[in-house]
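For reference, the structure is listed below as structure tokens.
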Amino acid sequence: MKEKNKKQRDALSLFFELTNNDLDSLVYLNLYRQKKPGEFSIFYLESSLVSEMGENFLFNLKILEKLKLFPLICLDESSFDYMKFFYKKLINLKDAFHISSVSVDVINKKKINSIFKSFEKERIPFYVHKDTEDWLQVVQEFSEKLQTEKLLYLTDSSYFQHKDSNLPISIINLQKEKMEILENTDISLFEKDLLNSFQLLLENEKANLKSISITSTFSMFKELFTVKGSGTLIKRGSAIKEILTSNELDTERLRALLEISFRKKIKENFINSKFFSILLEENYRGAGIIKETKLGIFLSKFAVDEVARGEGIGRDIWEKMREKFPKIFWRSKKENPITKWYMKESDGMFKSGKWIIFWIGISPNELPNIIDYVSNLEEDFET
């Protein structure tokens with residue numbers, strides 16, 4: 001028992017080292033552990049990755065197993081044969097094979113029962129498909145039957161980069177950015193085909209796929225377990241609706257979002273106060289609460305839950321707010337982690353006591369009254 005506990009502690013220690021963010025990592029780890037078998041993730045391995053990063057990938061699987069996380073791994077026959085030959089010291093092939101301390105079941109047919117049995121036995125299922133079989137159809141079928149929420153597309157190549165910096169585009173919102181990317185002559189035909197394939201997967205109503213991440217094995221833990229990520233997250237786009245009357249609002253769900261996001265208890269009079277507009281993600285994972293004042297439009301609260309931040313839901317709400325309210329002002333405390341982001345997004349800022357006041361589209365002659373007004377507003381959270 002002591003040896004088992006030590007191994008678990010060692011795995012967690014290594015896990016935190018790989019993610020370099022203890023707080024985010026624990027949030028995501030707990031979230032994934034609460035998923036039903038099959039919902040956590042499907043990993044698809046590009047052929048080139050196996051030859052270039054195969055050993056590193058197998059090492060990562062050991063850590064995932066010790067963390068009690070079991071993805072479905074999909075790869076083609078050639079990649080699997082390469083793995084068996086070149087990593088034979090790591091692989092003991094019998095009825096099933098064991099990669100060091102990792103228990104893996106090899107599945108050659110699309111038998112969902114076999115995959116669920118692997119999960120029940122705490123083994124990682126490998127689906128090995130024929131080289132001629134279309135990877136997209138493989139992933140689509142499994143995502144439907146397992147109701148998987150995330151696809152991790154693992155590659156040793158660099159896809160979807162910013163032209164100037166060659167850094168990965170962190171998030172692609174297909175609703176808004178697909179055509180712009182497809183018309184970009186700097187990306188390859190393969191990337192365009194890949195983007196179209198991902199859209200088919202995300203728009204499949206029979207499945208429950210919420211996002212697709214493209215990353216390498218060296219970055220997969222940061223991509224899976226941190227808000228910032230390390231790769232490219234592709235999503236269909238969040239459904240943001242505007243709430244104009246209290247009849248449309250579930251106040252208890254809004255309260256929960258605010259208190260989770262700010263880690264403080266919200267005052268009752270705030271929840272019961274009058275709002276001009278609330279830009280709300282349909283599942284209450286993010287909200288921009290707008291109030292109308294005599295001086296203009298005031299962003300009273302901008303709240304996004306921890307996991308939703310990594311999915312770009314905050315950005316979706318922010319962009320909708322910018323479209324609807326070209327003139328707006330708000331405040332944030334200096335220690336608030338989002339304050340640095342506000343500095344980039346705002347037209348200007350002013351420090352007033354414990355607050356930093358931001359604005360967009362506000363003329364200089366309006367600022368003195370706005371600064372005075374916002375500086376003297378009462379706090380909305382219990383102290």
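Residues: numbered from 1 along the sequence shown.
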Between [X] and [Y], do the side chains contain an N or O donor and an N or O acceptor separated by less than 3.5 Å?
X	Y	result
Lys294	Asn369	no
Asn208	Lys210	yes
Asp156	Ser48	yes
Asn365	Ser363	yes
Ser47	Asp76	yes
Ser277	Glu242	yes
Ser78	Asp131	yes
Ser213	Lys150	yes
Thr155	Glu46	yes

Between [X] and [Y] (salt bridge meaning N to carboxylate O under 4.0 Å), is one present in this structure?
X	Y	answer
Arg285	Glu311	yes
Asp105	Lys121	yes
Lys235	Glu177	no
Lys274	Glu292	no
Glu223	Lys228	no
Glu141	Lys145	yes
Glu149	Lys35	yes
Glu268	Arg255	yes

Yes or no on ring pair (Phe, Tyr, Trp, His ring centres under 6.0 Å) for Phe270 and Phe381, after CA distance, side-chain angles and deciding distance?
CA-CA 8 Å; Phe270 179 85; Phe381 288 95; 7.2 Å; no
What is the minimum heavy-atom distance between Phe275 and Ile289, and which atoms define it?
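Shortest heavy-atom contact: CD2-CG2, 3.3 Å.
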Would you name the heavy atoms of Ala303 and Leu258 that are closest together and state the gap between them?
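Looking at all heavy atoms of both residues, the closest pair is CB-CD2, 3.8 Å.
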Please identify which of these residues, Tyr342, Trp359, Phe302, meets the ring pair (Phe, Tyr, Trp, His ring centres under 6.0 Å) condition with Trp330.
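Filter result, single survivor: Tyr342.
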Let me see the working for Ser143 and Gln140 under side chain to side chain donor-acceptor pair (under 3.5 Å), right down to the final yes or no.
CA-CA 5 Å; Ser143 66; Gln140 182 168 292; over 6 Å; no
Does any N or O in the side chain of Asn204 come within less than 3.5 Å of the main-chain N or O of Leu200, such that one atom is a donor and the other an acceptor?
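No, the answer is negative, given that no donor and acceptor are paired below the 3.5 Å cut-off.
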More than 12 heavy atoms of other residues, nucleotides or ligands under 6.0 Å from NZ of Lys291: yes or no?
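Enclosed: over 12 neighbouring heavy atoms sit under 6.0 Å from NZ of Lys291.
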